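The shown structure was predicted, so the numbers you read here are calculated from the model rather than taken from an experiment.
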Amino acid sequence: MAGPAQVLPIGVLRMSLNLIMNTASSGLMAAQTQLRVVSDNVSNVNTPGYVRKIADQVAYSSNGIGAGVDVARVRLATDRFLQAASLKAEADAGRYGVQSELYDRIQALLGDPGGSGGLLNKVNGLFSAFSTLSDNAISGPYRQQALSQTQALFDEATRISTQIQAVREDADARISTGVARANDLLGQIEALNVEISRAAVAGGDTTGAESAQAALIDQLSAIMDVRVSVRPVGGVQVRTGTGMLLAGDGHATLDYNRAGAVNAESAFDEIWLTEPYGVKRPLLDHLGSGELRGLIDLRDKEAPAASQRLAELVTRISDELNRAHNASTSVPAPSVLTGRNVGTSLEAALTGFSGTTNVAVTNAAGAITARAEVVFSGGSMTINGAAATPANFLSVLNAQLGGAATASFNNGVLSIQATSSANGVVIADDATSPASKNGRGFSHYFGLNDLVRSDRPATYDTGLTAGSAHGFTAGETLTFRFAGASGARLRDITVQVPAGATMADLITALNDPMTGVGRLGSFALDPQGRLGFTSISGQGTTYSVIGDTTTQVPSGVSMTELFGLGGGVRASRLDGFSVRSDILAQPNRLALARLDLNAAPGTPALSVGDGRGALNLGKAGEVSATFEAAGAVGASSMSITRYVSELAGDVGGRAAAAQSRAEAAAAVRTEARQRQASQEGVNLDEELVSLTTYQQAFNASARMIQAAKDLYDTLLNMI
């Protein structure tokens, strides 16, 4: 016989119902959280940069017994690998985008090689005008046209020089703005780090702050390349590409003092990065990409390189025009020839000449009335057969001219003046054995009959040797600033002019490893008297001159100007050229005739219609000239017209390459963003499925709660 049925105590039933109620309530709360997350995702489906939220749902247990469900956290669907790729793509797009934009401006300054304007086409127009003049040597309008074309070239060069510096000044201003923006973003990122950490400790929802922080990091990555890692306490650490801390446990500060008015010789301040722990370092060593890198490269490398190449081109045009003009003379000949500042003493300038030149005085009819034949041979010289030395050159020359003309040398300038204002002075090198030093004739070397003048030394083949006197005063100083391959400053070095008076002594002082630049490279004098610097192999060290107190005697120019030390002073030549003002005012002073040294005594040695000088001026663009290294291009020998073509191709190619890099970087950025969006963005179909799922879960939990309530009511009615 069966025993009586056992009835559970009411207390046990109540505990069971409580457990059911709690379990169902946890399901209800979890479903509510999931629905809220889905709702937030759906409402932000079109929000740019929004990262999808995910609620991580886990089973909850108590004492090993299932007790429902819990939402451990709400997080963002961030993919760190895709984020890193997107940040790098953003930085590259920022870098190459600004480079392309500013390089387009530089290319536009040069003009279209196929068009009628711009510097490159003015070069061709200049030589064409002189070629036309060779057949119309007595034509005033043709002379004026040739001179106008020449001056227009130099005016355009000045305009371009000014505009290139304006591009650099614009880049410098944008660097300053970029630094300020970066500081503001780093401050906001760090503030959100604090907010996220506090919310994480309190178990709150951090996704809103994390989304805002991710957007700020995206903006920062356009300015400079960064990499991001997650902190265990919540938030992120932001570092440069090389690992320098920018934000996380405090934020770094960038410091930059922008330059004022920018010119070719401007020295820019360093961008300093002060880490949260107080360590101060140059940013350029840790800057691989971003707008700042692009702007700095253009300001400090690309734009100066373009200036230097253009300056070298205009210098060679000037030099070749002067070569042709010095080989000719106007009719009647000028009564005085005044040279340019050669930057050395007369003794040093005369040393190294070979061949024969003639100093002639002509009357109003063009006949030679006095002549001094100067023969340079093996380090010695004669004037009309009389022995002379560099030290007594002027006195012997004046004696041989017999009072018809007087030569003098002051402040680096040689001058020869006819005694009578009705007479003229002509310098003519011998046809078979012309006088020459460093590839220049006597008149050309001293600039006695230059067509084009410069307001500063434009050529740097001084002809000085190791034994030559340098002319600077002991104790005067020259301050160099050396930079590494990244452009970051290495150190500033101040070198004193030594007590020794020769160039060998000066170079030894410059290269001293303790008080000079010897640890970074060395200076050396080449056979033409050019002073050049070579960095230690593999270091990629460059230098600029930021201070120069030197003054050479007798020329009065500084060491920087004399030798063209640093790219800045070389680029500054671009705006210093102009046609001689007296020739512009009186075109009949244009030297188009050649002196006939074989003319019989008393017969004219000059002819009014002689256009051989104009022909040489027209051909000046086709003769081979020696171009010094400029920008990233090494020294070479070629014609001016070929150099113009290569320069146009180089600048155009660089602009096109910059545009291509910018387009490629933008395409990579778009692809990276699309992949990131496909992973992190909102998919409406998926969210609608989740919405249905969690609605059903919510309903099921609600029904379970209702069932538990009904059981409670039944139980209470039984009591």
Side-chain angles (χ1 to χ4, degrees), residues 91-92 95-96 98-99 168 171-172 175-176 178-179 182 223-227 239-246 252 254-259 262 264-275 279-308 478-495 510-524 532-547 560 565-571 629-634:
D92 289 343
R95 174 184 183 180
Y96 297 124
V98 295
Q99 282 189 339
R168 297 180 71 210
D172 190 57
I175 289 169
S176 180
V179 166
I223 301 172
M224 56 192 297
D225 56 317
V226 297
R227 51 191 178 93
R239 297 181 178 271
T240 66
T242 58
M244 302 301 296
L245 184 62
L246 294 173
L254 305 182
D255 296 312
Y256 178 66
N257 295 319
R258 62 169 299 197
V262 174
E265 299 177 66
S266 293
F268 297 97
D269 195 19
E270 186 73 73
I271 302 176
W272 294 101
L273 167 65
T274 304
E275 291 186 279
V279 179
K280 188 173 183 179
R281 308 174 190 272
L283 177 64
L284 289 186
D285 280 338
H286 310 283
L287 192 64
S289 194
E291 288 181 11
L292 287 180
R293 179 81 267 177
L295 290 167
I296 290 169
D297 284 346
L298 188 129
R299 184 196 67 182
D300 296 346
K301 295 180 181 179
E302 301 293 343
S307 284
Q308 290 166 31
L478 190 65
T479 302
F480 299 95
R481 172 164 293 171
F482 287 89
S486 69
R489 185 188 309 174
L490 296 177
R491 59 182 301 192
D492 294 345
I493 298 175
T494 298
V495 182
L510 288 170
N511 293 335
D512 189 289
M514 300 302 295
T515 60
V517 306
R519 295 184 179 182
L520 297 169
S522 61
F523 284 95
F533 175 78
T534 303
S535 66
I536 293 176
S537 178
Q539 289 190 355
T541 306
T542 59
Y543 80 94
S544 59
V545 178
I546 60 172
T560 304
L565 300 180
V569 70
R570 289 174 177 259
V633 179

Can you confirm whether V545 sits close enough to L478 that some side-chain heavy atom of one is under 4.5 Å from a side-chain heavy atom of the other? yes
Nearest heavy atoms of A571 and Q308, plus distance in Å: CB-CG, 4.0 Å
Looking at CZ of R281 and OG1 of T240, how far apart are the two atoms once the value is rounded to the nearest 0.5 Å? 10.0 Å
Measure the acute angle between the ring planes of F480 and Y543, then classify it against the limits of 30° and 60° as parallel, tilted or perpendicular. perpendicular
With a sphere of 6.0 Å drawn around CG of N257, does it hold more than 12 non-hydrogen atoms of other residues, nucleotides or ligands? no
Taking atom NZ of K280 and atom CG of D255, what is their separation to the nearest 0.5 Å? 5.5 Å
Please give me the minimum heavy-atom distance between L254 and A182, naming the atom from each residue. CD1-CB, 3.8 Å
Heavy-atom nearest pair, I175 first then L292, reads O-CD2, 3.7 Å
Kindly give the heavy-atom pair with the smallest separation between T541 and F533, and that separation in Å. O-CE2, 4.4 Å
Heavy-atom closest pair, residues V262 and S266: CA-OG, 3.4 Å
Once you round to the nearest 0.5 Å, how far does CZ of F268 lie from CD1 of I296? 10.5 Å
How long is the gap from CZ on R293 to CD on Q99, to the nearest 0.5 Å? 9.0 Å
With the side chain counted from C-beta on, respond yes when R519 and I493 share a heavy-atom pair under 4.5 Å apart, and no when they do not. no
About how many Å separate CG of D300 and CZ of R168, when rounded to the nearest 0.5 Å? 6.5 Å
Using every non-hydrogen atom in the two residues, find where I271 and Y256 come nearest and quote the distance to one decimal. CG1-CD1, 3.6 Å
Please step through side chain to side chain contact (heavy atoms under 4.5 Å, CB included) for the pair T515 and V495, ending with a clear verdict. CA-CA 6 Å; T515 60; V495 182; over 6 Å; no
Apply side chain to side chain contact (heavy atoms under 4.5 Å, CB included) to N511 and V517, showing your working. CA-CA 5 Å; N511 293 335; V517 306; 4.1 Å; yes
Walk me through it: do M224 and L246 pass the test side chain to side chain contact (heavy atoms under 4.5 Å, CB included)? CA-CA 11 Å; M224 56 192 297; L246 294 173; 3.9 Å; yes
I want to check something: taking the side chain as every heavy atom from C-beta on, are M244 and L273 in contact at a cut-off of under 4.5 Å? yes
May I have the list of side-chain donor-acceptor pairs in residues 282-289 shorter than 3.5 Å, sequence neighbours left out?
from	atom 1	to	atom 2	distance (Å)
D285	OD1	S486	OG	2.9
H286	ND1	T242	OG1	2.8
S289	OG	A91	O	3.2
S289	OG	D92	N	3.3
S289	OG	D92	OD1	2.7

Nearest 0.5 Å, please: how far is CG in D172 from CZ in R299? 5.0 Å
Is D297 salt-bridged to R95, going by a charged N under 4.0 Å from an acidic O? yes
